[in-house]
Amino acid sequence: MAALTLPVLIFLFGLAFPLGWLEAPSYEAMHGLVGRPLARVCLFVICWLSLLHWAHRFRYTLYDGLQIKHLNEVITVFCYGGALLGTGAAGYLLWNFR
Amino acid sequence: MNSKEMRETPAYTEFHPRWYRERVSTYWWLWKWSYLKFVLREISSVFVAWFIVVTLVLIAGLSWGPEAYAEWQAWMRLPAVIAVNVVSFFFVLVHALTWFNLAPRAIVMRVGGKRLPDAAVAGANYAAWAIASAILAWLVMRRG
């Protein structure tokens, strides 16, 4: 999911629009796009899966890469807790989108 | 009785040899390109999380109104943010490419009892990627 959708989004929103390579969409256009129920569901799924992906990978990167096994519980709570928090924030923002 | 003397029934001793395990350096992944590639690929997840946070702020900004969206756009134009996004883009690209290239090893597709060639599975993934990217780009850049 992250692999399929994020490269183009980072390219557009992170590089092409801020650097002026492409004309950035107006507030109205973006607002209308995110306002659609289907778009909100898709965004939620992208956020949720990407954050879970981050939590899992980052946890094992710390575990294998830095060998800080004594902090295992802290890292697990931090990673999955962070993912949960982010997913909750995504759900809240998208549900209450005005 | 001396303990060295032989007994009729030998006492059970819990003899557990200590394994010889060489301590692995914390930086084991730095010295070999294949290990470094693995760790770099894992680290790409951090940039995925970064962009999700950026996206959430964008959604909040859109919800709050045009000024918040303009502020978000101005923030995205900061050189430091652009630098992070350049790095993010490359990391996410590496992540996507390596993922599509290993897909044939994870997915064994059989059609009519024959295994589909790796290139077909990878090709299908690349095609899905191209289509998803095109749809997203079209949605975002559509005028009117």
Side-chain angles (χ1 to χ4, degrees), chain A residues 1-20 22-31 33-36 39-40 42-43 46-48 50-51 53-62 64-68 82-83 86-87 89-90 92-94 96-98, chain B residues 24-29 38-39 41-56 58-60 62-66 69-70 73-78 81-82 84-86 88-89 92-93 95-100 125 128-129 131-134 136-137 139-144:
Chain A
M1 207 56 201
L4 282 176
T5 57
L6 288 188
V8 64
L9 291 178
I10 297 189
F11 178 74
L12 289 174
F13 286 99
L15 299 173
F17 296 151
L19 291 173
L22 293 166
E23 195 195 331
S26 67
Y27 173 78
E28 286 70 29
M30 281 302 291
H31 193 267
L33 184 62
V34 181
R36 281 159 209 255
R40 284 197 254 173
C42 291
L43 275 171
I46 292 174
C47 290
W48 165 44
S50 299
L51 286 171
H53 161 96
W54 163 77
H56 195 69
R57 296 236 143 159
F58 194 58
R59 176 180 161 213
Y60 282 102
T61 308
L62 292 178
D64 295 328
L66 299 177
Q67 299 183 351
I68 37 182
T87 307
Y92 176 80
L93 286 172
L94 289 164
N96 293 311
F97 191 77
R98 294 276 174 275
Chain B
V24 180
S25 154
T26 304
Y27 308 102
W28 57 269
W29 42 275
F38 162 73
V39 170
R41 187 167 188 281
E42 297 289 293
I43 288 176
S44 70
S45 67
V46 175
F47 294 97
V48 168
W50 149 260
F51 192 70
I52 293 300
V53 172
V54 169
T55 307
L56 289 179
L58 166 65
I59 294 169
L62 286 172
S63 201
W64 285 331
Y69 177 59
Q73 283 181 311
W75 182 75
M76 289 297 276
R77 276 194 292 269
L78 293 178
V81 177
I82 290 194
V84 174
N85 281 332
V86 169
S88 300
F89 178 64
V92 173
L93 212 57
H95 172 251
L97 292 173
T98 50
W99 172 244
F100 296 139
N125 273 279
W129 185 31
I131 293 169
S133 301
L136 283 169
L139 277 174
V140 169
M141 297 204 290
R142 202 164 42 126
R143 296 273 171 263

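These figures come from a predicted structure and were not determined experimentally. In what follows, every chain begins at residue 1, and chains take the letters A, B, ... in the order their sequences are listed. These numbers come from the heavy atoms of this one structure, side chains and all, not from hydrogens, waters or symmetry mates.
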Inset, instruction - Tell me, for R59(A) versus chain B, whether the close heavy atoms (under 4.5 Å) come from the side chain, the backbone, both or neither. - result: neither

Legend entry - Atom group of L9(A) that falls short of 4.5 Å from chain B, counting heavy atoms: both

When only pairs under 4.5 Å are counted, which of [options] shares the most heavy-atom pairs with chain A?
{"options": "A128(B), A74(B), G65(B), S44(B)", "result": "G65(B)"}
{"options": "T55(B), L56(B), I43(B)", "result": "L56(B)"}
{"options": "I52(B), V46(B), I131(B)", "result": "I52(B)"}

At a 4.5 Å cut-off on heavy atoms, which part of [X] comes close to chain A: side chain, backbone, both, or neither?
{"X": "E42(B)", "answer": "both"}
{"X": "L58(B)", "answer": "side chain"}
{"X": "F51(B)", "answer": "side chain"}

Inset, instruction - With ring-ring contact (aromatic ring centres under 6.0 Å, His included) as the test, would you mind laying out the steps for H95(B) and F47(B) before giving the verdict? - result: CA-CA 10 Å; H95(B) 172 251; F47(B) 294 97; over 10 Å; no

Given side chains that start at C-beta, do those of [X] and [Y] come closer than 4.5 Å, heavy atoms only?
{"X": "I82(B)", "Y": "M76(B)", "answer": "no"}
{"X": "M30(A)", "Y": "Y69(B)", "answer": "yes"}
{"X": "S63(B)", "Y": "N96(A)", "answer": "no"}
{"X": "M141(B)", "Y": "L12(A)", "answer": "yes"}
{"X": "F17(A)", "Y": "V140(B)", "answer": "yes"}
{"X": "V54(B)", "Y": "F13(A)", "answer": "no"}

Between [options], which residue shows the highest count of heavy-atom pairs closer than 4.5 Å to chain B?
{"options": "L33(A), V34(A), L43(A)", "answer": "L33(A)"}
{"options": "G20(A), C47(A), A83(A), G82(A)", "answer": "C47(A)"}
{"options": "E28(A), H56(A), H31(A)", "answer": "H31(A)"}

Inset, instruction - Assert yes or no for the condition that the ring centre distance of F100(B) to W129(B) is strictly below 6.0 Å. - result: yes

